[in-house]
Amino acid sequence: MKEALCVLCLVLLVSISEAAVAKPHFKTFIKCLRSWPSQENPITDDIFTTDNTTTFLSSYLSYTKNKRFVSPNYKTLIAIVTAKHVSHIQATVVCAKSNGIQIRIRSGGHDYEGLSYISTVPFVILDMYNLRSITIDVPSKKAWVQAGATLGELYTKISNASETLAFPAGVCSTVGVGGHISGGGYGNLMRKYGLTVDNVVDALLVDLNGKLLNRSTMGEDLFWAIRGGGGGSFGVILSWKINLVEVPKILTVFRVSKTLEQGGTDVLYKWQFVSSKLPDGLFIRAMPQVVKRTIVVKFYAQFLGRANELVSIMNQSLPELGLKRQDCQEMSWIKTTLFWEDLPVGTPTSILLDRPSRPEKFFKSKSDYVKKPIPKEGIEKIFNVMLKFSNNMYMQWNPYGGVMDKIPASATPFPHRKGNLFKVQYYTSWLDANATKGSLDMMKKLYEVAEPYVSSNPREAFLNYRDNDIGSNPSDETNVDEAEIYGSKYFLGNLKRLMDVKAKYDPENFFKNEQSVPPARVK
Ligand SMILES: Cc1cc2nc3c(=O)[nH]c(=O)nc-3n(C[C@H](O)[C@H](O)[C@H](O)COP(=O)(O)OP(=O)(O)OC[C@H]3O[C@@H](n4cnc5c(N)ncnc54)[C@H](O)[C@@H]3O)c2cc1C
Ligand SMILES: *[C@@H]1O[C@H](CO)[C@@H](O)[C@H](O)[C@H]1NC(C)=O
Ligand SMILES: *[C@@H]1O[C@H](CO)[C@@H](O)[C@H](O)[C@H]1NC(C)=O
Ligand SMILES: *[C@@H]1O[C@H](CO)[C@@H](O)[C@H](O)[C@H]1NC(C)=O
Ligand SMILES: *[C@@H]1O[C@H](CO)[C@@H](O)[C@H](O)[C@H]1NC(C)=O
Ligand SMILES: *[C@@H]1O[C@H](CO)[C@@H](O)[C@H](O)[C@H]1NC(C)=O
């Protein structure tokens, strides 16, 4: 009995002293930041606190992309550091860690659940948007790009340096390179060149102790983990060294729509059998969308070749679409990036450099992987739920196949490779805060009705389409059992290796969020 009591005392003592260490020290944190030795690059102008709520709020909002999260949590958000130099990153990491303050790293701020800028425990946002330099080396077909650059800036720089080089990344120009690459970003060159992470050759990372590491100094296991294991679990990415890929001077794109009356369901049904088997240079996204209380299926395509060849491929492979030469437009790669954003023909490419400073809408997204064609009745059931949305609602079906079938599932943490016909994104957006609950409920219904037709055990999900519904932890504690629920959906068999890497480099789990990788349990 006495012994048991003593053990209890010990446990109490330990937890009290732990609480003392973990108790966040706001003032000492700010003091630690301000006194960080860096004469040439003073950090002072880059620290935003609630001392000035005006500048604090505008700093918070400038990279908040989802209106669902426009109100900062004044109780927990201690400061925003808009780093301009690597020493500012190092200061933020070291001072946050020593003062028991959590860190959330934000590059472009597109995280679908706002995990880069919200937390329920005392935290600092490390904003990376000032760190956006890009250097292109055409002869070696390589580039260094800092985390705070946007895809639009990267694409602009590449096309300015060469008419025949590109990078296989996503379609939205304001997405940040930091989060996008960390999550295994993909785009319309995926069937030919794979994902962003398949084209990363080096990286600079600030680790737990504030050390700046590159590929050779961080070690291959950590370098493996950061290429798709998700931002925010392993350290702060300062920059990526990427492979540029070859594209022709002229590419071809088309956008063709089919209403249900025009046989949209049949064409979509047939698309499932052919889209992942077409030549690697052809990517055809199908987008069923609610338009004026009916469904229109839009087909967006990009071909690494000329229009005549594309028309003849389509005539053989998917004649149901009825593609004509006049549906096709030939253009340079950089112009295709505007086409994918649905911008009117003639929009100047300078729009790719825009950085809007306020979120425009509320949105919610979910994802699925499809391995067998969905029967027509299934498509119709899904469409029927889509029609019940009162807001903007669409799906994106993105074809797999091509090189995605050839890259082993363990090559990077991103596991969804061979055996997938396509990936689905469900997306809805709204403008009125009152519609939030209804929209989130509708998304759950849609996800339920799709269940019989998509991957199962586990039901796979795409990390860059982050979705807290599939499992998530509290802000300050990464429960391993819960992490195995969301982690197995995002990473399948790669989760274990990610947890081992995490245990080696961040055993105390400093870098965390609601869906981060936990350190493997000590056996
Ligand atoms: C309009 C739109 C279009 C999109 N299109 C595509 C697409 O075509 N293809 C695709 O794959 N995805 C797409 N996405 C999803 C996008 O890739 C992810 O949301 C991505 O994580 C965004 O990166 P970010 O830097 O902008 O976001 P952030 O919110 O800044 O970061 C996302 C996550 O990465 C972490 N992180 C950010 N920077 C760093 C860093 N420097 N070091 C360590 N961790 C970091 C954050 O903490 C957070 O967990 C799209 C999103 C939107 C909103
Ligand atoms: C906050 O910052 C703004 C912009 O720098 C400045 O105009 C304003 O006076 C400041 N407010 C306070 C209370 O310091
Ligand atoms: C494009 O390249 C030219 C010549 O190298 C340079 O002067 C210009 O600033 C570049 N433009 C952009 C947007 O990078
Ligand atoms: C990585 O960093 C080390 C130590 O700073 C340096 O010696 C090495 O050249 C770097 N590697 C590359 C590929 O730059
Ligand atoms: C499509 O193919 C059919 C026969 O396979 C041919 O008759 C027709 O001319 C082709 N159309 C186009 C636009 O190539
Ligand atoms: C949203 O709901 C609130 C409270 O129910 C109401 O006052 C407001 O008018 C509503 N806004 C809109 C745009 O409907």
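Just so you know, ligand 1 is whichever comes first in the structure, and atom 1 is the first atom listed for that ligand. Model, not experiment: these values are computed from the prediction.
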Does Thr54 come within less than 4.0 Å of ligand 2, judged by its heavy atoms?
no

Ligand 1 atoms in contact with Gly232 (distance to a heavy atom under 4.0 Å)
43 (C), 44 (N)

I'd like to know whether Tyr129 forms a ring pair (Phe, Tyr, Trp, His ring centres under 6.0 Å) with Tyr63, so could you lay out the CA-CA distance, the side-chain angles of the two residues, the decisive distance to 0.1 Å, and finally the verdict.
CA-CA 8 Å; Tyr129 63 85; Tyr63 287 86; 4.4 Å; yes

Between Glu341, Lys65, His110, which is the residue that forms a side chain to side chain donor-acceptor pair (under 3.5 Å) with Thr174?
His110

For a ring pair (Phe, Tyr, Trp, His ring centres under 6.0 Å) check, start with the C-alpha distance between Tyr155 and Trp333, then their side-chain angles and the critical distance, and finish with the verdict.
CA-CA 9 Å; Tyr155 295 165; Trp333 172 69; 5.0 Å; yes

Can you sort out which atoms of ligand 4 are near Ser216, meaning under 4.0 Å from one of its heavy atoms?
1 (C), 11 (N)

Using a 3.5 Å cut-off on N or O atoms only, is Val171 in polar contact with ligand 1?
yes

Considering the heavy atoms of Val236, write down every atom of ligand 1 situated less than 4.0 Å from one of them.
42 (N)

For Asn513, which part has a heavy atom under 4.0 Å from ligand 1: side chain, backbone, both, or neither?
side chain

I'd like to check which ligand 1 atoms, numbered from 1 as shown, lie under 4.0 Å from a non-hydrogen atom of Gly170.
7 (C), 8 (O), 9 (N)

Is any NZ, NE, NH1 or NH2 atom of the basic residue among Lys502 and Asp506 found under 4.0 Å from an Asp or Glu carboxylate oxygen of the other?
yes

Side-chain contact test, heavy atoms from C-beta onward, threshold under 4.5 Å: evaluate it for Phe363 versus Thr428 and give yes or no.
no

Please report which non-hydrogen protein atom sits nearest to atom 11 (N) of ligand 4, along with the residue it belongs to and the distance in Å to one decimal place.
Asn214 ND2, 2.8 Å

Quick one: does ligand 1 sit under 4.0 Å from the side chain of Phe462, the backbone, both or neither, non-hydrogen atoms only?
side chain

Starting from atom 12 (C) of ligand 2, locate the nearest protein heavy atom and write down its residue, its atom name and how far away it is, to 0.1 Å.
Asn52 ND2, 3.4 Å

the protein heavy atom lying closest to atom 13 (C) of ligand 1 turns out to be Tyr465 CE2, 4.0 Å

Minimum heavy-atom separation for Leu268 and Ala286, please, with both atom names.
CD1-CB, 3.5 Å

Answer yes or no on whether Lys364 is positioned over the face of Tyr427, meaning its NZ or CZ is under 6.0 Å from the six-membered ring centre and within 45° of the axis.
no

Among Asp202, Leu212, Leu213, whose heavy atom sits nearest atom 13 (C) of ligand 4?
Asp202

Out of Ser239, Gly231, Gly235, Cys172, who is nearest to atom 45 (C) of ligand 1 when you count heavy atoms only?
Gly231

Taking the basic N atoms (NZ, or NE/NH1/NH2) and the acidic carboxylate oxygens, is any pair closer than 4.0 Å for Arg417 and Asp405?
no

In a check of ring pair (Phe, Tyr, Trp, His ring centres under 6.0 Å) between Phe462 and each of Tyr369, Tyr186, Tyr490, which one passes?
Tyr186

Considering only NZ, NE, NH1 and NH2 on the basic side and carboxylate oxygens on the acidic side, decide whether Lys504 and Asp221 come within less than 4.0 Å.
yes

Would you call Asn188 and Val171 a side-chain contact if the rule is heavy atoms closer than 4.5 Å?
yes

Cation-pi between Lys366 and Tyr447: NZ/CZ under 6.0 Å from ring centre and within 45° of the ring axis?
yes

Identify the closest protein heavy atom to atom 38 (N) of ligand 1: which residue and atom is it, and at what distance?
Ser107 OG, 2.7 Å

Among protein heavy atoms, which sits nearest to atom 34 (O) of ligand 1, and what does the distance come to when rounded to 0.1 Å?
Gly179 CA, 3.5 Å

Tell me the protein heavy atom at minimum distance from atom 32 (C) of ligand 1, and give that distance in Å.
Asp111 OD2, 3.7 Å

Under the side chain to side chain donor-acceptor pair (under 3.5 Å) test against Lys142, which residue among Thr135, Asn243, Asn199 passes?
Asn243

Nearest-contact summary for atom 11 (O) of ligand 1 - protein heavy atom, Å:
Tyr186 N, 3.0 Å

State the atoms of ligand 1, each with its element, that fall below the 4.0 Å cut-off from a heavy-atom position in Gly185.
11 (O)

min-distance protein heavy atom vs atom 5 (O) of ligand 2 -> Thr55 CG2, 4.0 Å

Any salt bridge linking Glu153 with Arg355? Criterion: basic side-chain nitrogen under 4.0 Å from a carboxylate oxygen.
yes

Atom 7 (O) of ligand 4: any protein heavy atom closer than 4.0 Å
no

What protein heavy atom sits nearest atom 29 (O) of ligand 1, and how far off is it?
Ser116 OG, 2.6 Å

Nearest protein heavy atom under 4.0 Å from atom 2 (O) of ligand 4, yes or no
yes

Contact check: Phe363 vs ligand 1, nitrogen or oxygen atoms, below 3.5 angstrom
no

Contact with ligand 1 for Phe234, non-hydrogen, under 4.0 angstrom
no

If you draw the axis of the six-membered ring of Phe422, does the NZ or CZ of Arg285 fall within 45° of it and under 6.0 Å from the ring centre?
no

Please could you name the atoms of ligand 1 that Ala147 approaches to less than 4.0 Å, counting only its heavy atoms?
41 (N)

Could you say whether the N/O atoms of Gly176 and ligand 1 ever approach to under 3.5 Å?
yes

Looking only at protein heavy atoms, which one is nearest to atom 41 (N) of ligand 1, and what is the separation?
Ile237 O, 2.9 Å

Relative to atom 15 (C) of ligand 1, which among Ile103, Ile125, Asn188, Asn464 owns the nearest non-hydrogen atom?
Asn464

Select the closest option to atom 53 (C) of ligand 1 among His110, His180, Gln515, judged by heavy-atom distance.
His110

shortest atom 4 (C) of ligand 4-to-protein heavy-atom contact is with Thr217 CG2, 3.9 Å

Decide side-chain hydrogen bond (donor to acceptor under 3.5 Å, both in side chains) for Asn41 and Ser87; before the verdict, give the C-alpha distance in whole Å, the side-chain angles of both, and the deciding distance to 0.1 Å.
CA-CA 8 Å; Asn41 304 285; Ser87 66; 5.0 Å; no

Run the salt-bridge test on Glu113 and Arg68 with the 4.0 Å N-O cut-off and return the result as yes or no.
yes

Measure the distances from the heavy atoms of Arg466 to every atom of ligand 1 and state whether one is below 4.0 angstrom.
yes

Quick check: closest heavy atoms across Val201 and Arg215, and the distance to 0.1 Å?
O-NH1, 2.9 Å

Working for ring pair (Phe, Tyr, Trp, His ring centres under 6.0 Å), residues Phe234 and Phe511:
CA-CA 6 Å; Phe234 300 98; Phe511 290 109; 8.9 Å; no

Under 4.0 Å, heavy-atom basis, I'd like to know which part of Lys65 is in contact with ligand 1: side chain, backbone, both or neither.
neither

In this structure, does ligand 1 have an atom that sits under 4.0 Å from one of the heavy atoms of Gly109?
yes

I want to check something: taking the side chain as every heavy atom from C-beta on, are Leu205 and Asp207 in contact at a cut-off of under 4.5 Å?
yes

Going by heavy atoms, is Ile105 under 4.0 Å from ligand 1?
yes

Identity and separation of the nearest protein heavy atom to atom 24 (P) of ligand 1
Gly108 N, 3.5 Å

Would Arg106 count as a contact residue for ligand 1, given that I'm defining contact as a non-hydrogen atom of the residue lying under 4.0 Å from a ligand atom?
yes

